[in-house]
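Hydrogens, waters and symmetry mates are skipped; everything else that's a heavy atom, side chains included, is used. None of these values were measured; they are calculated from a predicted model. Residue numbers count from 1 along this sequence.
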Amino acid sequence: MPFKVLFIAHACDADKEKHRSSIKTGMYHLYTVVVKNQDEALEVSRDFADNMNIDCILLCPGFTHNDVAEISKITAGKVAVAVA
């Protein structure tokens with residue numbers, strides 16, 4: 001079973017549906033999504049946690065401590081949340 005990671009970054013001109021990618025090996029899946037704001041980060045985090053069985057969410061350094069806490073809470077502690 002592969003280890004699945006979601007990396008989220010912020011950019012004011014991002015389109016969360018367009019600005020995403022994935023890299024998959026047999027043992028590692030890396031998904032990336034660029035979002036406009038924290039509301040989109042929460043939406044994407046919940047979606048991947050609920051539907052993709054990810055193991056970890058890795059956030060760009062632009063996320064605040066409160067942002068990290070909100071993402072951890074929205075995933076109900078089922079997913080590790082870390083800052084790059």
Side-chain angles (χ1 to χ4, degrees):
M1 178 195 270
F3 187 75
K4 298 179 182 180
V5 178
L6 168 63
F7 177 76
I8 304 176
H10 285 131
C12 61
D13 61 345
D15 177 339
K16 65 181 172 47
E17 300 303 325
K18 180 180 176 184
H19 299 116
R20 57 177 55 214
S21 66
S22 66
I23 299 171
K24 296 180 180 180
T25 74
M27 296 304 295
Y28 190 84
H29 294 183
L30 174 63
Y31 303 97
T32 62
V33 180
V34 184
V35 298
K36 285 184 186 178
N37 53 43
Q38 178 66 1
D39 288 337
E40 287 189 358
L42 292 168
E43 178 185 334
V44 168
S45 296
R46 177 180 283 151
D47 178 45
F48 273 78
D50 290 348
N51 300 311
M52 301 295 285
N53 288 332
I54 57 171
D55 300 295
C56 178
I57 298 173
L58 182 59
L59 304 170
C60 77
F63 283 86
T64 67
H65 293 294
N66 288 335
D67 294 341
V68 175
E70 286 181 334
I71 290 170
S72 182
K73 184 177 180 180
I74 205 163
T75 61
K78 297 176 186 174
V79 176
V81 179
V83 179

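- For Asp47, the side-chain hydrogen bond (donor to acceptor under 3.5 Å, both in side chains) partners are Asn51, not counting sequence neighbours.
- Checked against side chain to side chain contact (heavy atoms under 4.5 Å, CB included), Asp50 has the following partners two or more places apart in sequence or in another chain: Arg46.
- Applying the salt bridge (charged side-chain N to carboxylate O under 4.0 Å, His left out) definition to pairs two or more places apart or across chains, those involving residues 1-17 are Lys16-Glu43.
- Pairs engaging residues 56-66 under the side chain to side chain donor-acceptor pair (under 3.5 Å) rule: Thr64-Asp67 [sequence neighbours left out].
- Under the salt bridge (charged side-chain N to carboxylate O under 4.0 Å, His left out) criterion, no residue pair touches residues 18-37, with sequence neighbours excluded.
- In terms of heavy atoms, Ile8 sits closest to Ser45 at CD1-OG, 3.4 Å.
- Summarising the geometry, atom CG belonging to Leu6 is positioned 11.5 Å from atom OG belonging to Ser22; distances are rounded to the nearest 0.5 Å.
- Annotation for Ile57 and Ile54: closest pair CG1-CD1, 3.5 Å, computed over non-hydrogen atoms.
- Linking ILVMFWY side-chain heavy atoms closer than 4.5 Å, directly or via other members, places Phe48 and Val5 in two distinct hydrophobic clusters.
- Chaining together hydrophobic side chains whose heavy atoms lie under 4.5 Å apart leaves Met27 on its own.
- Under the side-chain hydrogen bond (donor to acceptor under 3.5 Å, both in side chains) criterion, Thr25 pairs with no residue, sequence neighbours left out.
- Contact record, Ala9 with Cys60: CA-SG, 3.7 Å, taken as the closest heavy-atom pair.
- Hydrophobic clustering (ILVMFWY, side-chain heavy atoms < 4.5 Å, transitive): Val44 and Ile74 are in one cluster.
- Listed by first then second residue, pairs satisfying ring-ring contact (aromatic ring centres under 6.0 Å, His included) with a partner in residues 2-29 read His10-Phe63, not counting sequence neighbours.
- Under the side-chain hydrogen bond (donor to acceptor under 3.5 Å, both in side chains) criterion, Glu70 pairs with Gln38, sequence neighbours left out.
- In this view, Lys73 satisfies the side chain to side chain contact (heavy atoms under 4.5 Å, CB included) rule with no residue, not counting sequence neighbours.
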Ignoring hydrogens and angles, write down the donor-acceptor pairs under 3.5 Å from the side chains of residues 75-84, residues two or more places apart or on other chains.
| from | atom 1 | to | atom 2 | distance (Å) |
| --- | --- | --- | --- | --- |
| Thr75 | OG1 | Ile71 | O | 3.2 |
| Thr75 | OG1 | Ser72 | O | 3.0 |

